[in-house]
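Contents: one structure, followed by commentary.
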Amino acid sequence: MAKRKFLQAEWNNLLMLNYEVDPEILRPYLPFATVLDLYEGKALVSMVGFLFQETKVLGVKWPFHVNFEEVNLRFYVKHFDGKEWKRGAVFVSEIVPKSLIVLVANNLYKEHYSAMPMRHSIAPAKDYTNYLYEWKLKGSWNKLGGTVSNHFEDIKPNSGEEFIFEHYWGYNILGPQKTIEYQVEHISWQVAQVKEPVFAADIAELYGEKFVPFLKKTPFSAFFAKGSEINVRMGEKILVDAVI
């Protein structure tokens, strides 16, 4: 039986800049009973900017917490539940402009949210649209953006876009041998090409010195998805040993 819906929203205008990293820097963030999900043998992390819109928590639209930005850093894992492999994401850091979201998500799902002033801009042109997500840290605006084609198409099977976008589970560490798992539901998104990616941020302050050499490089890939309505189901603990 499906778990109760915890979160209902629209995730729109998802910009993903993807970087290859040394798998060892991700080990401390790897939840129990999961393994790294590699793309063509590479460990990837994604800097993600998108819009939360029409947000409801437990069926309620909370005032001033309906439409807002999020920027996060995530990587990719798999969990074998005894029958099948589930492909999911683990979040190193998530930034939103709302303190209440930080309180709820960090306590219920052991997420890693921080609240900072945020803003975004969308500047359409003839064939492309410029998207920019910004967040203010220690008085300076950090930036994540790109120039996105106005032509969208379905995700191709076995493509880089499929690997990045088609993860429908989330995993977080509860303890040395405890993990929380939650399901994310949405349709398969349409995607568009990205050129001229922008990422200018205080990487060391946000994510630690170990990420600096990797996130300073040119992205391995850059993708954009139109987005859709989403559901996040209530989480469940993984308590038993898993044979991986």
Side-chain angles (χ1 to χ4, degrees), residues 1-18 45-77 86-122 129 131-135 144-146 148 152 154-155 161-162 164-172 180-192 194 223-236:
M1 182 180 295
K3 299 289 183 183
R4 183 183 180 189
K5 293 177 183 178
F6 170 72
L7 174 72
Q8 296 168 274
E10 294 177 12
W11 288 350
N12 292 321
N13 301 332
L14 296 102
L15 177 70
M16 302 246 189
L17 305 188
N18 312 303
V45 300
S46 297
M47 284 298 313
V48 185
F50 67 102
L51 297 178
F52 258 101
Q53 296 179 312
E54 301 301 321
T55 305
K56 293 190 288 187
V57 176
L58 297 175
V60 178
K61 285 187 176 181
W62 296 92
F64 310 110
H65 291 77
V66 175
N67 301 310
F68 53 91
E69 304 90 349
E70 176 172 325
V71 168
N72 65 59
L73 175 64
R74 73 178 196 174
F75 67 97
Y76 305 96
V77 300
K86 297 177 178 177
R87 301 179 64 235
V90 175
F91 294 93
V92 176
S93 168
E94 297 160 276
I95 301 168
V96 291
K98 306 292 185 179
S99 297
L100 180 59
I101 297 166
V102 175
L103 179 66
V104 172
N106 289 358
N107 279 282
L108 288 184
Y109 283 88
K110 302 302 179 184
E111 297 281 9
H112 303 93
Y113 272 99
S114 300
M116 301 180 193
M118 299 186 74
R119 64 191 184 190
H120 74 278
S121 63
I122 302 172
T129 300
Y131 293 86
L132 186 65
Y133 295 96
E134 298 180 275
W135 61 103
L144 176 71
V148 179
F152 286 84
D154 294 338
I155 292 176
E161 289 91 340
E162 182 184 64
I164 293 296
F165 288 117
E166 304 275 303
H167 285 77
Y168 292 99
W169 298 88
Y171 296 95
N172 285 319
I180 187 169
E181 173 191 78
Y182 56 91
Q183 187 174 11
V184 181
E185 300 170 330
H186 60 78
I187 62 171
S188 183
W189 291 325
Q190 287 198 311
V191 294
V194 179
F223 301 138
F224 187 90
K226 187 174 292 187
S228 70
E229 294 180 353
I230 63 94
N231 297 314
V232 176
R233 299 281 179 178
M234 296 294 292
E236 183 176 30

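Position 1 is the first residue of the sequence, and the numbers go up from there.
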For E185 and R233: C-alpha separation, side-chain torsions, deciding distance, then whether salt bridge (charged side-chain N to carboxylate O under 4.0 Å, His left out) applies. CA-CA 8 Å; E185 300 170 330; R233 299 281 179 178; 3.2 Å; yes
Is it true that, when you exclude E229 itself, more than 12 heavy atoms of the residues, nucleotides or ligands shown sit nearer than 6.0 Å to its CD? no
Between G88 and Y171, which heavy-atom pair has the shortest distance, and what is it? CA-CE1, 4.0 Å
On a heavy-atom basis, which atom in N13 and which in Y133 lie closest, and how many Å separate them? O-OH, 2.5 Å
Check whether any side-chain N or O of N172 sits under 3.5 Å from a backbone N or O of V90 as a donor-acceptor pair, and report yes or no. no
Dump the intermediate steps for side-chain contact (heavy atoms from CB on, under 4.5 Å) on Y76 and S46, then the final yes or no. CA-CA 9 Å; Y76 305 96; S46 297; 2.5 Å; yes
Relative to each other, are the rings of F224 and Y131 parallel, tilted or perpendicular (30° and 60° limits)? tilted
For N12 and G227 the tightest heavy-atom approach is OD1-C, 3.9 Å
What heavy-atom pair brings T55 and F52 nearest, and what distance separates the two atoms? OG1-CD2, 3.5 Å
Plane angle bin for H186 and W189 - parallel if under 30°, tilted between 30 and 60°, otherwise perpendicular: parallel
Contact summary for H167 and I164, nearest pair of heavy atoms: ND1-O, 3.7 Å
Looking only at heavy atoms, what is the nearest atom pair of V148 and A192, with distance? CG1-CB, 3.8 Å
